[in-house]
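Per chain, numbering begins at 1; letters A, B, ... match sequence-line order.
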There are 2 protein chains.
Amino acid sequence: MGSTMKFKRSSCPITNVLDTLGDKWTLLVIRDLVLGKRRYQEFTSSPEKIASNILADRLKKLETGGLVTRHAYQRNPVRYEYLLTEKGEGLKPVLEAIIVWGKKHYPGSKRFPRVEQH
Amino acid sequence: MGSTMKFKRSSCPITNVLDTLGDKWTLLVIRDLVLGKRRYQEFTSSPEKIASNILADRLKKLETGGLVTRHAYQRNPVRYEYLLTEKGEGLKPVLEAIIVWGKKHYPGSKRFPRVEQH
DNA sequence: ACCATAACTTGCGAAACGCAAGTGACTGAG
DNA sequence: CTCAGTCACTTGCGTTTCGCAAGTTATGGT
């Protein structure tokens, strides 16, 4: 009796992905991380202007889900940065497929450039 | 002055895709359509048990967005079926990429089989 | 002491969601 | 010809989530 695995809604892989990434903001945070952003303020300064509480919530959920790690990059005062785990990096092909479809059907849209590291 | 295209949130293709597909249900309707489902009751009988009002709303939005077409497959009484347009079919690579990542990170999840046509 | 910065948290009104039940147009059974 | 049944929705309503603004905590710089 280990065969009854508990999924939130169904055993469909798409469904399970949507249960963690299915909203208007989570994938944008992933996008920012892929583009090289790491710090809280960098995420809030993206053009979509994510609200602070939504960002905090999404980062927490992504960390819980193992897509992102948080660690202090300095003490006094403590400052944190976020990095994609291998699991999180694995979403790059999904983002690529979305960009291909998006650029085709939203004329004028353009992939954002990587940010330079500090 | 045609250069100032109006996007909901930003010119990022991912953002624009999320503005139409960024929720827990829309992509599941697309999945069902890709699997061969066409009628209202077929969608509501999927294991995720989408609520009727949510389904009606999503189908309407997908039709407005040009991803889906609706047409009567019989009269007396009128019955409708939904089909993916070419634009909607274009999402298959996105679904494939999601399935690949999903199967890897949600052990036990399994792609659903196509439904037979009536 | 005072201002600034980073990373959050809190409050609250507005919008979206989810469940149940209802509606209208018919069809086939008795 | 009445009545249960099917299909494709719509309506009501309570709960949850969202989104904007403002507040908080810790610390450094001058």
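Distance Lys8(B) NZ to dG19(D) C1': 16 Å, rounded to the nearest Å. For Glu42(B) and dC9(D), the CD to C1' distance is 16 Å, given to the nearest whole Å. Rounded to a whole Å, the CD1 atom of Ile50(A) is 14 Å from the C1' atom of dT17(D). Between Lys37(B) atom NZ and dA8(D) atom P there is a gap of 13 Å when expressed in whole angstrom units. Summarising the geometry, the separation between CG on Asp23(A) and C1' on dT17(D) is reported as 10 Å, rounded to the nearest angstrom. Regarding Leu55(A), its CG atom lies at a distance of 16 Å from the C1' atom of dT17(D), rounded to whole Å.
Counting any heavy atom pair closer than 4.0 Å across all strands shown, Phe43(B) reaches no nucleic acid atom. Lys60(A) comes within 4.0 angstrom of the backbone, heavy atoms only, and of no base. Residue contacts shown for Tyr80(B) are limited to sugar-phosphate atoms, with no base heavy atom under 4.0 Å away.
No option in Leu18(B), Asn16(B), Val17(B) other than Leu18(B) meets the side-chain contact (heavy atoms from CB on, under 4.5 Å) test with Ile14(B).
In this structure, Phe43(B) and Ile50(B) approach most closely via the heavy-atom pair O-CG2, 3.8 Å. Residues Lys87(B) and Gly65(B) share a closest heavy-atom pair of NZ-O, 2.9 Å. A pairwise comparison of heavy atoms in Val29(A) and Leu59(A) identifies CG1-CD2, 3.9 Å as the closest pair.
The side chain of Trp25(A) places an N or O atom within less than 4.0 Å of a non-bridging phosphate oxygen (OP1 or OP2) of dG19(D).
Nearest-nucleotide positions on DNA chain D for Val78(A) and Arg79(B) put Arg79(B) closer to the 5' end. Of the two residues contacting DNA chain C, namely Ser52(B) and Lys24(B), the nearest-nucleotide position lying further toward the 5' end is that of Lys24(B). The residue among Gln41(A) and Ile54(B) whose nearest nucleotide of DNA chain C lies closer to the 5′ end is Gln41(A).
Side-chain contact of Tyr40(B) with Ser52(B): a donor-acceptor pair under 3.5 Å is present, judged by distance alone. No donor-acceptor contact under 3.5 angstrom links the side chains of Arg38(B) and Tyr73(B), judged on distance only.
Distance alone, capped at 3.5 Å, places no donor-acceptor pair between the Arg58(A) side chain and the Leu27(A) backbone.
You'll find that the side chain of Arg70(B) is closest to dC9(D), out of dC18(D), dC9(D), dC7(D).
In 5' to 3' order, the nucleotides of DNA chain C bounding all contacts with chain A (an atom under 4.0 Å from a heavy atom) are dT5(C) to dG11(C).
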